[in-house]
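The structure appears below as structure tokens.
The first residue in the sequence is number 1, and the count goes up from there. The basis for the numbers below is simple: all heavy atoms, side chains too, and nothing from hydrogens, waters or symmetry mates. Please read these numbers as outputs of a predicted model, since none were measured by experiment.
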Amino acid sequence: MLARSPRGGAPQAISSTFFPTVDVPGVSNQLRLPPDASPARYQDLREVLMLRTLSHWGAEQYPAPRLVALLTAFLDEYERWTTQQRLDATRHPADESCYTPLLQAQGQALARMRHAVTLLESNEAVREAFRRANTAMLMQMIVSDDPAYAGETKSHADFAARFAATSYTDLEAFRQHPGRRKREGGGHEPFSYRPFQLAFLLLSLNSVTVNEVREPAESEQKSLSDRELVDLIWFPTGGGKTEAYLAVTALSIIWRRWHGGPRGQQGVAVLMRYTLRLLTTQQSERASRLLCALEFLRTHWRNDAGQRVLGREPLTLGLWVGQATTPNTRAEAGQAYQELLQEVQLANHLPAGTPRKFYKNVFQLAACPWCGCESISRVDGLYQTGFDARGQLTCLNRRCHFGQRDAADQGSCPVPVHVVDEELYATPPTLLFATVDKFAMLPHKEQAGRFFSQNGVAPPGLIIQDELHLLSGPLGSLTGLFERLVLALCTDRLGQRPPKIIASTATTRNTSAQVRALYDRSVAVFPPAGIRYDDSFFAYNTPASQRRHVGVMATGKTNLDMQLQLTSLLLLARSEAWRALRPASPTEDAALTALDPYWTLVLYYNSLRDVGKMYNKISSEVFGLVQAGHQHRGLEGPGRQWLYYGLMSRTRELTSRVESNKIKDALHELGEPLKLNDAPGDQRRVAAGVDLVLASNMLSVGIDISRLNLMVLCGQPRNSAEYIQASSRVARNTTGVVFSLLDANRTREKSIFEQYTSFNQAYYKFVEPLSLTPFTPQTLDRMLNSLLVTWVRHHKGKEATGFTWEMATELTELLTASLDADPALAANLEQRAAILAHDWLDRLQAAHAIGKPLKYKGKKHNTPLLTKEPGSAAQPNFWNLPTSMRDVDTETTLGILAPVPAVAPPVMPTL
């Protein structure tokens, strides 16, 4: 490192370090005002971000002219910034080619937001839908934050003891709610959007409502539909991307129900997709609160004629994520329910006060998303569950809106969350949560077509893809090919209205190419980048840093040895901190609160093998090292053993090896603050608080636990995007430290250590470009057969006997529409599609000849098209379809081509 003179002259010294430390610049998403802004201006911009101002409860105080004036003032600030950007760009004419597309993107975003404000001013229907969507978002934030609601998971007894005065069924209670709890100093503050969240809602407003063709901005070549753009939210982790697209989700659902006519009263309105099961289940918790708010409002909002504004059919959320997470059939759900009942009955025979975990709950909801009551809790001294044999939850809290029962004691208004596949097929949910993998099941499941346009119901109008950067490599290529068909299924044939697509990510590179390969559409990144890397108006770097990165690389020791030493030292540091905190704190609880943000240590690994190695070392070597450290540093003493006793029992694993229901329990435990039992002296132990978390890349996206502020990256993650995502899981609200434990025997890790400071000061610059190749021969070999079956089965609505050559031709035309620039790939696709069509027709003819009609699935009196026969080189089976979009399926069919001759065992010599 170079040290310059105070006057900025030539370097005066050179230094090196074996312990490089970098404070990552902080990022703020708060609105900035010029120094000369008046108090009135500040107050206006503060008010426009408040959800109460934007909700229908603010309509009286903020009528249409006042609302439009506030939104215009908000956009004026952005326009002032873009004007300054253009002025700054003129000072560097040599970089004009670099600045021009950035300035054009800023102008296009501003034009779209201005057009949204014009719509709100002139179109009363859009304005009322906008207000009601913000009302739902306000209620979702109240429910998520307030401990009287779902802000805290509670036992059934807590409602009578602590929240007897809280109403869970009165809309007026939400209107009178005091606001968000302040982190410091007590009191409340208004629930507000972050500036970019409100801006994104305005940006998307036209495309999910009336979809007007607006006048083009100065930088645009022609008028275009905003609905045909892919809007990509590119914002740092923890910045609020989820709330941004949830607000658009609420607006889209309300508009469809209110103004979609009879075709919009049922069916899936929004498809929300993720790539990892943990990410899906985590984000579904937030979305379930929004759907509860919307369903609550549906039952309360009525027009002058007494009719429900949002329709008679319930607004629901469906989780479509696979058998490893949720039951596929009603029979599986019934079996899981019986196993859960047995576990509950067993818990009732345990002594009172015995802590109990229910691992048989596969229905995903650990608590009611509205009031926070545990889904399995003690009622009148005995454990009960609110689930039924279909996996439907009726809240145990009878005061809850979703705990009401009829005269037969059956739930009359159950929680609007469905997790059983067959229930989703029977009654498609309003918001369908799914993994991209699950769409590989479309050719296998006839009923899955009900998620799209069938029987006079409009198809989904909005598709949301979170963590877009994970769609790369084989998964991204297969998804990109399948996505052409999904978009066709979601296109409304009345008016050929395509679905709106929204994506989000914190790390992206060559975005236009990736989106084009996935969706064959143009992309608009929001917020548009500024001409400086550290400022996009809605997000900008600040001098204050919340996260410190420390590089560690030792020579002469194995990486596992270093993991053991570093882990034990960090655990020992907690004891040192406790020795300093306890005398300086007025009470023990205050000292525990100060220690809690650094109590849990996260160990992040690149492979399950490394996780297993470390897991086996915790109870023996790590514990022994920590115990020896206590003795060596004089930390032993009466009442201090709790600092490390029971270490193994407080270690959790977050990897694909762990069952989904246990992962949810582990995440819940991670959110619990540090607590001690009430035993005296040497019997003191930790009652709550996880010590160690061993995690794989499952942790790197979508996890938001504010307690986590200490992490060790055991080896450099495979790419820079994963490094950024994983390290951003810590130091969300409190300052934190990330240790990078690098291996000197690995060239890449050694190189990163040598450039550690410069790498971490600008690590977004090192994000690798993504590779997607949806039309390569390998991708077509794996997925084209599934596409053809899905096209015939769901888009054409035909059985296998109804297949014609023209159907294959139509699919080929759809897929090759984006291959004009590469005729060789188009010709290859046409050739492979023709082979599949010929084989299907041959099988159709052969089945007809023997009098057993061709069906997709085999039964006694028909011929199956989809079989798992391995086939041969001479007679291949093209119809053994994959059930996953991953590179390797969980199950593989093996076929024995020739008998293996028996070999006599060797004769052992006789002694």
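Paired with Val270 under the rule side-chain contact (heavy atoms from CB on, under 4.5 Å), one option of Val248, Leu317, Leu431 passes, and it is Leu431.
Ion pair Glu669/Lys662 not flagged as a salt bridge, since none of the NZ, NE, NH1 or NH2 atoms sits closer than 4.0 Å to an Asp/Glu carboxylate oxygen. Taking a cutoff of 4.0 Å between a charged side-chain nitrogen and a carboxylate oxygen, Asp691 and Arg574 qualify as a salt bridge. Ionic pairing of Arg112 and Asp231 is present here: one or more N-O contacts between side-chain nitrogen and carboxylate oxygen are shorter than 4.0 angstrom.
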Practice task
Take Ile463 and Ile502 through the side chain to side chain contact (heavy atoms under 4.5 Å, CB included) test and state the conclusion after the steps.
Solution key: CA-CA 6 Å; Ile463 298 175; Ile502 293 174; over 6 Å; no
Exercise for the section: Could you please spell out the steps behind the side-chain hydrogen bond (donor to acceptor under 3.5 Å, both in side chains) verdict for Ser696 and Tyr605? Expected result: CA-CA 5 Å; Ser696 64; Tyr605 291 91; over 6 Å; no
Exercise for the section: Determine, step by step, whether Glu467 and Lys241 satisfy the salt bridge (charged side-chain N to carboxylate O under 4.0 Å, His left out) criterion, reporting the C-alpha distance in whole Å, the side-chain angles of both residues, the deciding distance to 0.1 Å, and the verdict. Expected result: CA-CA 10 Å; Glu467 304 297 350; Lys241 295 186 293 294; 5.5 Å; no
Exercise for the section: Start with the C-alpha distance between Leu608 and Arg657, add both sets of side-chain angles, then the distance that settles side chain to side chain contact (heavy atoms under 4.5 Å, CB included), and finish with yes or no. Expected result: CA-CA 8 Å; Leu608 295 179; Arg657 303 192 304 180; 3.9 Å; yes
Practice task
Could you check Met272 against Leu246 for side chain to side chain contact (heavy atoms under 4.5 Å, CB included), going step by step and ending with a plain yes or no?
Solution key: CA-CA 10 Å; Met272 199 172 287; Leu246 282 181; 4.2 Å; yes
Problem - CA sep, side-chain torsions, deciding dist, call: Val27, Gln546, side chain to side chain contact (heavy atoms under 4.5 Å, CB included) - result: CA-CA 9 Å; Val27 177; Gln546 276 203 189; over 6 Å; no
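No hydrogens or angles considered: a donor-acceptor pair under 3.5 Å links the side chains of Ser740 and Tyr756. Using a 3.5 Å distance cut-off with no hydrogens or angles, the side chains of Thr237 and Ser728 do pair a donor with an acceptor. For Arg286 and Ser144, the side-chain atoms include no donor-acceptor pair closer than 3.5 Å. Using modelled atom types and a 3.5 Å distance limit, the side chains of Gln563 and Asn559 yield a donor-acceptor pair. In the model, Asn697 has no side-chain atom that pairs as donor or acceptor with a side-chain atom of Ser700 under 3.5 Å. If you check the side chains of Glu722 and Tyr604, you find a donor sitting under 3.5 Å from an acceptor. Residues Asn29 and Tyr540 have side chains that never bring a donor and an acceptor to within less than 3.5 angstrom of each other. Judged by distance alone, the side chains of Thr779 and Thr776 do bring a donor and an acceptor atom under 3.5 Å apart. In this structure, a donor-acceptor pair under 3.5 Å is present between the side chains of Thr655 and Glu653.
The backbone N or O of Ile531 lies less than 3.5 Å from a partner atom in the side chain of Gln85, making a donor-acceptor pair. The closest donor-acceptor contact from the side chain of Thr511 to the backbone of Thr508 lies at 3.5 Å or more, if one exists at all. Listed for the Thr479 side chain is no donor-acceptor partner under 3.5 Å among the backbone atoms of Gly476. A distance-only check finds no donor-acceptor pair linking the side chain of Thr816 to the backbone of Leu819 [under 3.5 Å]. Formation of a donor-acceptor pair under 3.5 Å by the Gln465 side chain with backbone atoms of Ile501 is not found in this model.
Going from atom CZ of Arg732 over to atom CG of Leu708 covers 9.5 Å, rounded to the nearest 0.5 Å. Note that the OG1 atom of Thr773 and the CD atom of Gln778 stand 7.5 Å from one another [nearest 0.5 Å]. Atom CG in Leu470 sits 12.0 Å away from atom OH in Tyr274 (nearest 0.5 Å). Taken to the nearest 0.5 Å, the CE atom of Met562 stands 8.5 Å off from the NZ atom of Lys557. Here OG1 of Thr325 is found 7.5 Å from CG of Leu319. Values are rounded to the nearest 0.5 Å. Here Met711 contributes atom CE and Thr600 contributes atom OG1; the two are 11.5 Å apart, rounded to the nearest 0.5 Å.
For Ser818, the side chain to side chain contact (heavy atoms under 4.5 Å, CB included) test picks out Arg484, Asp520, Phe775, with sequence neighbours left out.
Note on ring orientation: taking the six-membered ring where Trp is involved, the planes of Tyr763 and Tyr723 are perpendicular (angle over 60°, cut-offs 30° and 60°).
Annotation: side chain of Arg548 is not in contact with side chain of Val22 (no heavy-atom distance under 4.5 Å). Ser568 places none of its side-chain heavy atoms less than 4.5 Å from the side chain of Leu571. The closest side-chain heavy-atom distance from Leu654 to Leu670 is below 4.5 Å. Residues Lys750 and Met553 have side chains in contact (heavy-atom distance under 4.5 Å, counting atoms from C-beta outward). Residues Pro460 and Cys490 form a side-chain contact, since some pair of their non-hydrogen atoms from C-beta on lies under 4.5 Å apart. At least one side-chain heavy atom of Leu201 sits under 4.5 Å from a side-chain heavy atom of Tyr193. The closest side-chain heavy-atom distance from Thr567 to Leu603 is below 4.5 Å. Between Val230 and Lys500 the shortest side-chain heavy-atom distance does not fall below 4.5 Å.
Between Cys714 and Asn606 the shortest heavy-atom distance is O-ND2, 4.0 Å. Scanning all heavy atoms of the two residues, the minimum distance from Arg718 to Arg748 falls at O-NH2, 3.4 Å. For the residue pair Ala524 and Leu229, the shortest heavy atom distance occurs at CB-CD1, 4.3 Å. Nearest approach of Asn541 to Pro25, heavy atoms of both residues: ND2-CB, 4.0 Å. When all heavy atoms of Ala440 and Ser884 are compared, the pair lying nearest together is CB-N, 3.7 Å. Closest heavy-atom contact between Pro597 and Asn709: O-ND2, 3.0 Å.
The aromatic ring centres of Phe537 and Phe196 sit 6.0 Å or more apart. Between Phe482 and Phe439, the gap from one ring centroid to the other reaches at least 6.0 Å.
Remark: Arg707 fails to qualify as a cation-pi partner of Trp599 under the 6.0 Å distance and 45° angle criteria applied to the six-membered ring. No cation-pi contact links Arg194 to Phe538, judged by a cut-off of 6.0 Å to the six-membered ring centre and 45° from its axis.
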